[in-house]
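Note that the structure is a prediction, hence the values are computed from the model and not measured. Here is the naming used below: chain letters follow the sequence lines, and residue numbers restart at 1 for every chain.
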Protein chains: 2
Amino acid sequence: MDFVASVVSGVAELGRELEDGRRQMVGLLLTGDFLGRPGRAIAPYTVVAATDMTLCCFRRPQFEQLLTKMPALANRLLEMTLDELDVARDWMLLLGRKSARERIASLLVLLARRESAMIGQIPTDRIAIELPMTREAIADHLGLTLETVSRQLAALKADKVIVLDGKRRVTVPSFAALVAESAAA
Amino acid sequence: MDFVASVVSGVAELGRELEDGRRQMVGLLLTGDFLGRPGRAIAPYTVVAATDMTLCCFRRPQFEQLLTKMPALANRLLEMTLDELDVARDWMLLLGRKSARERIASLLVLLARRESAMIGQIPTDRIAIELPMTREAIADHLGLTLETVSRQLAALKADKVIVLDGKRRVTVPSFAALVAESAAA
DNA sequence: CGTTCCCTTGATGGGCTTCAAGACTCGTGG
DNA sequence: CCACGAGTCTTGAAGCCCATCAAGGGAACG
């Protein structure tokens, strides 16, 4: 990649994969996120747009020059990168130690928090969550198979922790109950 | 934490844990690494020194001031953080998708590469690896149990991929064979 | 109406965890 | 000097969770 970019709109997924096809999603690129890395031209990531996207691209040399001239830019990038690092490490805990059910619940908590933040609220009861991805994409995020994702969603539904409205829509009667299932730290 | 620090010598482990005691190591702090984060006083990490350590500490306000005055410092920190992010994401692939045997092999490859780099070589055959940690610590890094770690080491030994010299020392007859076991990307 | 994609559900097996017991090492104190 | 104990590691047995394989349902689209 001879450029870096800032995401203006749209969603992309960062993944890493093995030769035999096993895949693990390692990050999400949302509006405002940064793509590419100053100081290195190649990246071992697979980047896939999940929606139509608009990027604001910078040629690498110019951008790196900019970086030395505007200290505020470097600080901003540092903040963002540290945030991503925290997110990645949270995910490591999930991938290394949580059960399938806990992983699903954790993801739903994450999505619920995001939807609530969108409308400027703290998550409370009866939240509606839109799943912006297929079962397979969920599985690739959580380190599971798509069948397990499907089964655990069914199990959470059977236990009245969630209600499924069609395949892509989830409502949460009690947010506290969902959090309890997620094995929060 | 009202200070940040740079590691002068020694090793520490960064972990994250759940209420019920499940633990996942999320990073290593080696000489030169940075501890703490500018812009935020609390961190959801457990930091445990694995050896005696010497830290070079900075009070937070002074350090943040320094950061705005010395652009090179911010750039350096950004580089380091981006490296850590890459490492964390590699580990996500391991935790999410690799088998126990592959995880052990991957760790050994990592340690072998580090030992070789120490003496300025590329890893070749008959490398001696020192395991600087207990089986339990290995397990916490790899998202396994200590019993599984022990068993997989025994299995790799039985398959002539490694030789065990006591409990903390491993020699690798063929580095290529070890890499083949590690499911590299 | 057929095809394709996505999802669900069932059956089976395996990989890893869990529980348990014993071996080894090393430092300490009798 | 040796027994003891704590910490570490190995090994065995049992079982569960999740992956794998397989089949079919449902919705969207041409």
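Nucleotide C:dT8 holds its P atom 7 Å from the CG atom of A:Leu153, rounded to whole Å. The separation between B:Leu146 atom CG and D:dC9 atom P is 8 Å, rounded to whole Å. Between the CZ atom of A:Arg135 and the C1' atom of C:dT9 there is a distance of 13 Å, rounded to whole Å. We find that CD1 of A:Ile104 is positioned 14 Å from C1' of D:dC17, with the value rounded to whole Å. At whole-Å resolution of the value, NZ in A:Lys167 and P in D:dA27 are 7 Å apart.
Of the charged side-chain nitrogens involved, none lies within less than 4.0 Å of a carboxylate oxygen, so that A:Glu147 and A:Arg135 do not count as a salt-bridged pair. Taking the charged nitrogens against the carboxylate oxygens, B:Asp140 and B:Arg22 have no contact shorter than 4.0 Å, which rules out a salt bridge. Ionic pairing of B:Arg40 and A:Asp83 is present here: one or more N-O contacts between side-chain nitrogen and carboxylate oxygen are shorter than 4.0 angstrom.
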**Study point:** Protein proximity profile, nucleotides 10-20 of chain C - base contact B, sugar-phosphate-only contact S, no contact -, cut-off 4.0 Å on heavy atoms
**Key:** BB----SBBB-

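Within the 6.0 Å centre-distance limit, the rings of A:Phe63 and A:Phe34 are counted as a close aromatic pair.
With 3.5 Å as the limit, one finds no donor-acceptor pair spanning the side chains of A:Gln24 and A:His141. Looking at A:Thr31 and A:Ser9, their side chains never bring a donor and an acceptor atom within 3.5 Å of each other.
For the pair A:Arg168 and C:dC7, the criterion of a side-chain N or O lying under 4.0 Å from OP1 or OP2 is met.
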